[in-house]
Novice: 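My questions will all concern the structure given below.
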Amino acid sequence: MSLGSENLGFPLGRPARLAVLLSGRGSNFAALHRSCEEGLVEGRVVGVISDNPEAGGISIANGAGISSHVVDRKMHATRDSHEQQVLKTLTSLKPDLICLAGYMRLLSENFIQAFSGRVLNIHPSLLPSFPGLHAQRKALEHGVKLAGCTVHFVDAGLDSGPIVVQSSVPVRDDDDELSLSDRILEKEHQDYPRAVRLILNGAWKIEGRHFKSF
Ligand code: GRF
C-alpha cells in the first residue's frame, strides 16, 4: 500500500463525514455514532451501507435517523458490479473517512484508490495474527495467552494495511469463542472511536507500513 507520507488533509476544521460499511449486528457502528454524539469524535456518521438486507446495523441506523443503504450482494451477478454500486452509493455520501465495521467483503485496489486510501477497518485479533474469518476461534485454537483487536488502514490484502491502534485482552483458560469475543468487543468499541479521533486530528504520518502519531 502506498499511502505516502501525507495525512489525507486532516484536520478538516469542520466535523468529518463518516460513512460506515457493515454486514451484520452493527455494534461498532453504534459505538462510532455514540462517540460522535458525545463529541469524542469530531464527526458525524452520514450514512451506512450494508450488503446484507437483514443486518442489525441497518435497524440501528434507521432508529438513529442516519441514512441507510442496502446494496444486496445477491442482486448482483458479479463482485465487480456489486462493488461498483457500493462505490456509487458511497460517493454520493461524500465521506471524508470510510469505516468498515464487520463488512464481510474484500475491497478491490480500485475501490481503495477511489477514496485515496481513506478506508479503515476493525479486526478482532492482534494482526498480523489470525486475519480473515473466525479470528477469535483461531486464537483460542492456537492457544495464545493474549488476544485483542486492531484498527488498520485497508489495502487490497486481507486485514493487511498499516496499523493505527491495537489493544490486547487476556485469554483465560475457561474461555470459549463467545466469552473471548465479548471481551475483545468491549475493546473494539473503545478503540475504533479512538483511532478515528486520532486520524481526524491529523497529527500523524504513514511511513511504509508504519503509522506514526506525534
Ligand atoms: C467485529 O468483531 C469486528 O471486529 C469484525 O466483525 C465484528 C463486527 O461486529 N470485523 P459488529 O457488527 O460491529 O457488532
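Each ligand, and each atom within it, is numbered from 1 in the order the structure gives.
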Novice: Holding to ring pair (Phe, Tyr, Trp, His ring centres under 6.0 Å), I want the full list of residues that pass it with Phe111, two or more places apart in sequence or in another chain.
Specialist: Phe115

Novice: Pull out every atom of ligand 1 sitting under 4.0 Å from any heavy atom of Pro124, numbered as shown with elements.
Specialist: 2 (O), 4 (O), 5 (C)

Novice: Output yes when Arg172 and Asp175 qualify as a salt bridge under the 4.0 Å nitrogen-oxygen rule, no when they do not.
Specialist: no

Novice: Test of understanding: clusters of I, L, V, M, F, W, Y form through side-chain heavy atoms closer than 4.5 Å, transitively. Do Leu107 and Leu127 belong to the same one?
Specialist: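 They do not share one cluster, since no chain of ILVMFWY contacts under 4.5 Å joins Leu107 to Leu127.
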
Novice: Among all the protein's non-hydrogen atoms, which is closest to atom 9 (O) of ligand 1, and how far away is it?
Specialist: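 So the nearest neighbour among protein heavy atoms is Arg25 NH2, 3.1 Å.
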
Novice: Counting heavy atoms only, which of Gly26, Ala55, Ala135 is nearest atom 12 (O) of ligand 1?
Specialist: Gly26

Novice: Students should be able to answer this: which protein heavy-atom is nearest to atom 8 (C) of ligand 1, and at what distance?
Specialist: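 Looking at atom 8 (C) of ligand 1, the protein heavy atom closest to it is Gly102 CA, 3.7 Å.
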
Novice: Among all protein heavy atoms, pick the one closest to atom 10 (N) of ligand 1 and tell me residue, atom and distance.
Specialist: Ile122 O, 3.0 Å

Novice: If we only count N/O pairs under 3.5 Å, is Glu188 in contact with ligand 1?
Specialist: yes

Novice: Do the side-chain N and O atoms of Ser23 and Asp51 include a donor-acceptor pair separated by under 3.5 angstrom?
Specialist: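 Yes, Asp51 and Ser23 have a side-chain donor paired with an acceptor closer than 3.5 Å.
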
Novice: Under 3.5 Å, is there a donor on one side chain and an acceptor on the other for Ser108 and Glu83?
Specialist: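 Glu83 and Ser108 do have a side-chain donor-acceptor pair below 3.5 Å.
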
